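The structure appears below as structure tokens.
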Amino acid sequence: TQLLEQSPQFLSIQEGENLTVYCNSSSVFSSLQWYRQEPGEGPVLLVTVVTGGEVKKLKRLTFQFGDARKDSSLHITAAQTGDTGLYLCAGVSKGGATNKLIFGTGTLLAVQP
Amino acid sequence: NAGVTQTPKFRILKIGQSMTLQCTQDMNHNYMYWYRQDPGMGLKLIYYSVGAGITDKGEVPNGYNVSRSTTEDFPLRLELAAPSQTSVYFCASSQWTPGGQPQHFGDGTRLSIL
């Protein structure tokens, strides 16, 4: 069974601080996606990383895929209250009629004004 | 833009009752998925479909059934509700098999079994 562990599970910070969320697995994934979920809504895709060592930036968010494609990180610079939400990583597992997403356990981020 | 629409948004069931969670998408996506989300557990895949008439089991299919008679609709059926099925259920669709394409999620159905 492929598992993705995220850390920390919960993070409460002040506006303007930096933070990093980690997503780790013992399995190799063909690619990895990061989603953000707000209360009462479904997850929304932020980014997909495909190549080992790849770094992608989305404004103040920086995503990195580990060299071995087993782990990933999300770094937020100068967090804003609008960044509050549940962050989910999801590894793409190939096989069968369709690739499947293996979701991590989630990191709940609260940014205080 | 409607995207993926789930109904109902909330439901309370008694143990042993049955119900159908509805999901429809207007993006002409072939791939559709049902997940459940439990606190601190992420999302678990229940069933998925790669096109009309084709369905397959995901990671946690026990106690559920699905059908896919049209491209747009992918209902999830609970036959004998059990307390362990208390969860938030999400339907999703994608244009292609996951990899570079996003999955588009509905807003979820919050289900409580008492």
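Since the model is a prediction, treat every value here as computed from it, not as a measurement. Here is the naming used below: chain letters follow the sequence lines, and residue numbers restart at 1 for every chain.
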In one Ile/Leu/Val/Met/Phe/Trp/Tyr side-chain cluster, 4.5 Å: [X], [Y]:
X	Y	value
Phe74(B)	Leu21(B)	yes
Val4(B)	Val88(B)	no
Met32(B)	Leu78(B)	yes
Leu46(A)	Val111(A)	yes
Ile76(A)	Val55(A)	no

With a 4.5 Å limit on heavy-atom distance, are the side chains of [X] and [Y] in contact?
X	Y	result
Tyr35(B)	Leu101(A)	yes
Glu59(B)	Lys100(A)	no
Gln103(B)	Tyr35(A)	yes

- request: With chain B as the partner chain, list the residues of residues 79-88 of chain A whose heavy atoms fall under 4.5 Å from it, by residue number, and write 'none' if nothing qualifies.
  value: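 So the qualifying residues are Leu86(A), Leu88(A).
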- prompt: If you count the non-hydrogen atoms of other residues, nucleotides and ligands that lie under 6.0 Å from CZ in Arg110(B), is the total more than 12?
  reply: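 Atom CZ in Arg110(B) is not crowded, with 12 or fewer foreign heavy atoms closer than 6.0 Å.
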task: Take atom CD of Glu79(B) as the centre, draw a 6.0 Å sphere, and report whether it contains more than 12 heavy atoms from other residues, nucleotides or ligands.
output: yes
Donor-acceptor list for residues 10-17 of chain B side chains, cut-off 3.5 Å, not counting sequence neighbours:
residue  : atom : partner  : partner atom : Å
Gln17(B) : OE1  : Lys14(B) : N            : 2.8

message: Does any backbone or side-chain atom of Gln37(B) lie under 4.5 Å from a heavy atom of chain A? Answer side chain, backbone, both or neither.
response: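 Only the side chain of Gln37(B) comes within 4.5 Å of chain A.
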- line: Honestly, the part of Leu45(B) sitting under 4.5 Å from a heavy atom of chain A is side chain
- prompt: Between Gln6(A) and chain B, which part of the residue has a heavy atom less than 4.5 Å away: side chain, backbone, both or neither?
  reply: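 Neither part; nothing is under 4.5 Å.
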message: Using the rule side chain to side chain contact (heavy atoms under 4.5 Å, CB included), only one of Val47(A), Val44(A), Leu45(A) pairs with Pro102(B); which is it?
response: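 Among Val47(A), Val44(A), Leu45(A), the one meeting side chain to side chain contact (heavy atoms under 4.5 Å, CB included) with Pro102(B) is Leu45(A).
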